[in-house]
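What follows is a single structure, written as structure tokens, with notes after it.
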Amino acid sequence: MDHVQIAEKVDEAAVFAWLKTYISNVLGMDQASIKGSDGLDSLGLDSALTTALAMDLETWLGVEIPLAILFEAETLDNIATGVAREAERQHATAG
Amino acid sequence: MKTEQPDYGGSMAAVQYHYDVSRDFYRLWLDESLTYSSALWEGEDDTLAAAQQRKIDHHLREARADKAESLLDVGCGWGALVRKASSYSGLKRIVGLTLSEDQADNVRSFGIPQIEVRLESWTQHKPDRPYDSIISVGAFEHFAKPEDSREVKIETYRDFFATCSKWLTPGGRMSLQTFVYGTMRNEEASQFINEEIFPAADLPRLDEIAAAADGVMEVTYLVNHRLHYARTYDAWARNLRRRRDEAVKLVGETVTERYERYLKQTSIGFYTGKIGLLRISLRPTDRPVSETSRM
């Protein structure tokens, strides 16, 4: 991947904050109204917006995030956990 | 068969739009066999190449290729399936149909004498002898056009089943794999996918396939493997992203970006169930011997 700004240290909280900001921007929602128990689908992200989110998330993290991680999780909290774990795993593998 | 309509049963211009971008471009993100359809995955550590071969083996098994002398592949792509079929010593005659010149060239380049590749649609194909096995992977979804009514779609699919049934020997078997609309209504179908990626195609629905096969072919196996295709599309998306720089050199930034988005978005469509992936095994409905001997 080219010209990627790699996030220094990502934990669940950082991923959740990123998701909240991103979703509030694309859907024009108040950040405070987005909860960890919400799901991508229930918030109203269609497949085009979810595609953009997945690609931008990878660019932000500088690692590949299998879509399975986004879809095996029901809630934003669970997505944040899965994504942070995957990013950690890939950074560890890359040394 | 209504061969007088130039686009009936699959538009050549539409197929070439999608598949003749450049073989080298597809080579960047497909597996080495250039299989451009859903894999059949097993376990977490599976590889795309192994999962594609497993899918090919599934269709060869379902079409009973091990007992066959002749096999037809409708929509043979770059030839991974016909190539694998040529390893069956009993198979003396393997015919692949494609509408893409580039795909036909690739199959010819194998130089395998029992394989014949033909640049024609199933509506133009006139076999002089029946086949023991028919396989069609990723072609059925190109048969109907967006403007076709449900009745016209069913009629087209029924024509396909009747044609295949007529081409099969009495004990012959068919194995089919196709995209279908899942929880998505036709009119919700992403404009982006329909217009930019697969122009002039409309996906089938399970009920349309069932109605079309009714009385013509019996469905002996049917599964919706949408998560297998979700994983396949995501694997392709990640392959393309890894080799993005090479892709941009080959096809430019715009096409690369269009494919990145299409691969991810289609994967998401399968994950959410908006689209499905059916693998279906069929056999001709029993008929009198006098009928089966008349080709």
pair B:Ile268-A:Leu67: side-chain heavy atoms closer than 4.5 Å: yes
A:Glu58 side chain reached by B:Lys264 side chain, heavy atoms, under 4.5 Å: yes
Where B:Gln265 and A:Ser47 come nearest, the two heavy atoms and their spacing: NE2-OG, 3.4 Å
Whether over 12 other heavy atoms sit under 6.0 Å from A:Gln31 CD: yes
Distance, nearest 0.5 Å, that separates CG of A:Leu70 from OH of B:Tyr271: 9.0 Å
Exam field: side chain B:Asp234 to backbone A:Pro66, donor-acceptor pair closer than 3.5 Å: no
Proximal component of A:Leu40, with respect to chain B [non-hydrogen, under 4.5 Å]: neither
Crowding at CZ, A:Arg85 (>12 non-hydrogen neighbours, <6.0 Å): no
B:Arg241 (side chain) donor-acceptor with A:Glu64 (main chain) under 3.5 angstrom: no
Heavy atoms of other groups near A:Asp41 CG, more than 12 under 6.0 Å: no
